Participant: 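The structure follows.
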Amino acid sequence: MTIRFVPPQRRPDYLGTIKTALATAAAVAAKNPYSALAGLTGLIEALRGTKTATPENLAWSWWIQTITLAAAEFVISVRRNHLLDGDKDRATAAFLEAALPDEPTATFDHNALLHPSSHPAFAEARRAVLRFTLDLTGLAVLPEDCGPAYYEQEFGRCLHRASAYVFSLNFDALKPIETLVTGPAALEMQRDMAWTRHYDWITRKFRMEPVFSPEGDVETPLCELYLRLRCYWHEELSPEKEDEPPRFRAHLRDLHETAQDWLADTTDRHHLRLVAGGPGSGKSSFAKAFAAETIAAGTHRVLFVELQHMRLTGDLEADIGTYLTRRNTPSGSAGSPGLPENALDWIKGGDQPTLLIFDGLDEMSFVEARAEELTRSFIQNASRMLGRLNSDGTPVRALILGRNLAIQRGMEATALPRPLLLNVAPIRELALEDLELRSADARHMADRKAKVEVPDLEDLPKNQREDYWARWCRSQDLHAPLPEGVTHHDLNDLNVEPLLLHLFILSDYCGERWHEAAENRNRVYEDILRKIQKRNLKKPNASGAPAYTEEQFFLLMECLGLAAWRGGGRGSDEATFDKLREVHAAHRFRKGKAPLPQDLDSVVLLTHARRTDGLDPGFEFIHKSFGEYLAGRGLISEAMRLHRRFTQDEDPVPERSLVQDCAPQSPANADQRRATSSGRATSRCRTRPASHLRLWARALAMSSGRVGQPICRHRARSATSASVRS
């Protein structure tokens, strides 16, 4: 069935609203393309609950929003290749006028939703693309490498993404359109739209959602800053002589190209690849980028699973179905992370290959013993599941991403061959030691003796950090020289991983003050958190409660850090946070009209962390080093507080609770707990506060080893000395 695109005729005021919304959207698309829909939110709402909300009216409103959003996306695409030296406002307004005729002659059918890049309804928009591009760039002729054909194809991709996004944004209101055009193919249409909503969620995470900024003022998406990562893997060579040590050859290549070739090679019997890297190395960014890239290419169905939200029972196929239905949000405003049914049932026996992407293998649990077992069993079950599906004629492949240690232990337990492991390479200049063979188990001494042949590093890009700075400047329309700190070796703790480099650039230490960050990188974390705290002060508070002071904010952040320290470094559960909050922070929320310390959900929203709801619900920091910094800060502030209590009787807290709940578990702390419970520790500390402080701080620093000394030692040394002097 087909229907026409008909504007509402019975609402004269609505046509005026349309013109105003389009003018607003044109200006927004030119200045801030990522918020282009802000001026269009009234189009569908104006039709809700009115007699003019016919399928024809809804189709017309969907059509207008799709073209407008596609124009905004197209501006972003052009800016990746050219400086926008033209009049962006006028160019966008002229394009929309040409692309949106008053009386469209095309009709609406299901192909308009599924294949908008070739549908007649968008013919005028496609014809206006070349003029739009020239007006945006101020060029008379486009260069050969990005000519008219390139931008026509790019606009088609923008239309496809915009169509899915607009339909997802207004899913409930646009349901009559879907119902009318499906006919006997209702089930297949519903599945296609469910996939489209899932693709919209994936693509939006890469192309639309702003990257993190502490003050919330950066609206640049990941796609504009993303670095195409390099990877390396090891191929085992046949021994030249009997009883000689194992020999390997290291291969180094673009990670995207490696994964693409693997997907294209239908003869490869290994249906699994594992991507490993340290925290902040860009694994999750690659997962989003490669998923969006595969969706745009149209070669595979793509199913994206965030493992920190998954609960495992041992039956992986059933667990995937539970995860998808639990995460399904068909009327969400940003697509859907889930699907209404288990998509594995949909793809069985189909011809189109499917790519499963499992991101965050090491984030399924913060209980160390359980996490190791989950990692091992997940890789094992995934390998078996892929084998079953492919043997039944269903072409399915999977990427599993996680930190090096978690991936390697799982591979060794499953006896998977080494070439399946793709290691993410650093973004700095590579050295021979970067390509060495490593084992998750230090007892595997044979690996250390293995000979590794490496490629010629002279043929490789030397430093990707300069490229990141160039991308950052282009995204912010800046013309700025490369700061010395971005590539200086004294700041390798901060500038060799994409995430930390991004945070360093956003801090006050990226310019002339980089020497201060090199001396103590804690200053960068503190600067980022202070910016977050100031941003939170500007947020409206519906409850009317006073905002957190800087001291209260950092106390709550320290509670997160201490809880993460006890949970392995990156995250922890809610019970641990609640216990530490009561001991470490409650004393600063009792005076006057101070706000109450909030639950975990409220505190996580304040900072660079996120909620997890998998097997062990809790939270995790986006980067482990935030937890390390806050844990170190929390230990020092608690040591100073303890010193004040023993010398000035400040901040009365039950000593047994303080020592048991705040200090990590260790023999040294166990002895101290026993002494405290008998009352002997109190008398000793009151007579020798300085010596006790040194012993207490030393016990905390050495008891677990989870807080790295290079991160905390400067602050610990200075804070401890200051408290002893006082």
Side-chain angles (χ1 to χ4, degrees), residues 34 37 66 69-70 73 76-77 113-114 116-117 154 156-169 171 191-212 220-226 228-229 255-256 259-260 263 273 275 282-310 320-321 323-344 346-347 352-361 363 396-401 610 622:
Y34 309 106
L37 280 183
T66 296
L69 181 58
E73 281 252 338
I76 300 171
S77 300
L113 291 173
L114 300 179
S117 59
E154 184 61 28
R157 287 194 286 266
C158 294
L159 273 176
H160 188 83
R161 290 192 293 269
S163 168
Y165 180 75
V166 171
F167 201 91
S168 298
L169 181 68
F171 182 75
R191 289 181 176 179
D192 284 340
M193 292 311 301
W195 279 113
T196 300
R197 292 193 296 277
H198 186 62
Y199 293 168
D200 170 46
W201 172 73
I202 296 171
T203 304
R204 194 176 190 277
K205 291 174 78 67
F206 180 62
R207 295 186 175 274
M208 300 293 289
E209 289 184 0
V211 294
F212 169 80
T220 304
L222 175 62
C223 64
E224 290 212 17
L225 301 175
Y226 177 69
R228 288 178 67 95
L229 300 171
L255 180 54
H256 282 257
Q260 288 166 355
L263 287 181
R273 286 294 186 274
V275 179
K283 303 181 302 296
S284 293
S285 295
F286 162 74
K288 298 168 189 173
F290 190 71
E293 190 176 274
T294 306
I295 291 169
T299 57
H300 289 69
R301 291 280 193 192
V302 178
L303 187 63
F304 196 101
V305 175
E306 295 176 312
L307 291 176
Q308 68 265 31
H309 300 299
M310 192 170 183
I320 290 174
Y323 165 87
L324 292 174
T325 53
R326 186 167 56 90
R327 301 275 289 166
N328 184 44
T329 52
S331 59
S333 61
S336 173
L339 295 165
E341 300 175 46
N342 192 341
L344 296 181
W346 296 354
I347 65 175
Q352 187 175 14
T354 301
L355 172 63
L356 309 179
I357 298 179
F358 299 102
D359 185 31
L361 180 65
E363 300 166 18
V396 185
R397 297 199 173 188
L399 280 172
I400 301 178
L401 300 98
R610 61 188 175 191
I622 302 299

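Note that the structure is predicted; figures quoted are calculated from it, not measured. Values below: all heavy atoms of this structure, side chains included; hydrogens, waters and symmetry mates excluded.
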Participant: Is the backbone of F304 close enough, under 3.5 Å, to the side chain of H198 for a donor and an acceptor to pair up by distance?
Facilitator: yes
Participant: Answer yes or no: is there a side-chain heavy-atom contact under 4.5 Å between R397 and R273?
Facilitator: no
Participant: Rounded to the nearest 0.5 Å, how far apart are CH2 of W201 and CG of N328?
Facilitator: 11.5 Å
Participant: At their closest point, which heavy atom of I357 faces which heavy atom of A291, and how far apart are they?
Facilitator: CD1-CB, 3.6 Å
Participant: Output the distance between atom CD1 (I320) and atom CG (N342), rounded to the nearest 0.5 Å.
Facilitator: 7.0 Å
Participant: May I ask you to decide whether E224 forms a salt bridge with R207, counting only side-chain N to carboxylate O separations under 4.0 Å?
Facilitator: no
Participant: The test is side chain to side chain contact (heavy atoms under 4.5 Å, CB included); show your working for V305 and D359 and say whether it passes.
Facilitator: CA-CA 6 Å; V305 175; D359 185 31; over 6 Å; no
Participant: So which heavy atom on A292 is nearest to which on F206, and how close?
Facilitator: CB-CD2, 3.8 Å
Participant: Please report whether the ring centroid of F286 lies less than 6.0 Å from that of H256.
Facilitator: yes
Participant: Indicate whether any N or O donor in one side chain lies under 3.5 Å from an N or O acceptor in the other, for H300 and Q352.
Facilitator: no
Participant: How about P353 and T299: do any of their side-chain heavy atoms sit closer than 4.5 Å?
Facilitator: no
Participant: If I take atom CD from residue Q308 and atom OG from residue S284, how far apart are they, to the nearest 0.5 angstrom?
Facilitator: 7.5 Å
Participant: Does R326 reach the main-chain N or O of H309 with its side chain, forming a donor-acceptor pair under 3.5 Å?
Facilitator: yes
Participant: CG/L324 to CG/L303 distance, rounded to the nearest 0.5 angstrom?
Facilitator: 5.0 Å
Participant: Starting at NZ of K205, measure out to SG of C223 and round the result to the nearest 0.5 Å.
Facilitator: 14.0 Å
Participant: Short question: side chain of Y199, backbone of V302 - any donor-acceptor pair under 3.5 Å?
Facilitator: yes
Participant: Side chain of S336, backbone of T329: donor and acceptor closer than 3.5 Å?
Facilitator: yes
Participant: For K283, which residues count as a salt bridge (Lys or Arg N to Asp or Glu O under 4.0 Å) partner, sequence neighbours excluded?
Facilitator: none
Participant: What's the spacing between L401 CG and F290 CZ if we round to 0.5 Å?
Facilitator: 10.5 Å
Participant: Would you say L356 and L344 make side-chain contact, with heavy atoms under 4.5 Å?
Facilitator: yes
Participant: Does a side-chain N-to-carboxylate-O contact under 4.0 Å join E209 and K288?
Facilitator: no
Participant: Please confirm whether the backbone N or O of L159 pairs with a side-chain atom of S163, one donor and one acceptor, at under 3.5 Å?
Facilitator: no
Participant: If we check side chain to side chain contact (heavy atoms under 4.5 Å, CB included) with L399, which of these qualifies: L263, T294, V275?
Facilitator: V275
Participant: Within the structure provided, determine whether M208 and P221 are in side-chain contact (heavy-atom separation under 4.5 Å).
Facilitator: no
Participant: Where do C158 and A70 come nearest, in terms of heavy atoms and distance?
Facilitator: CB-O, 3.8 Å
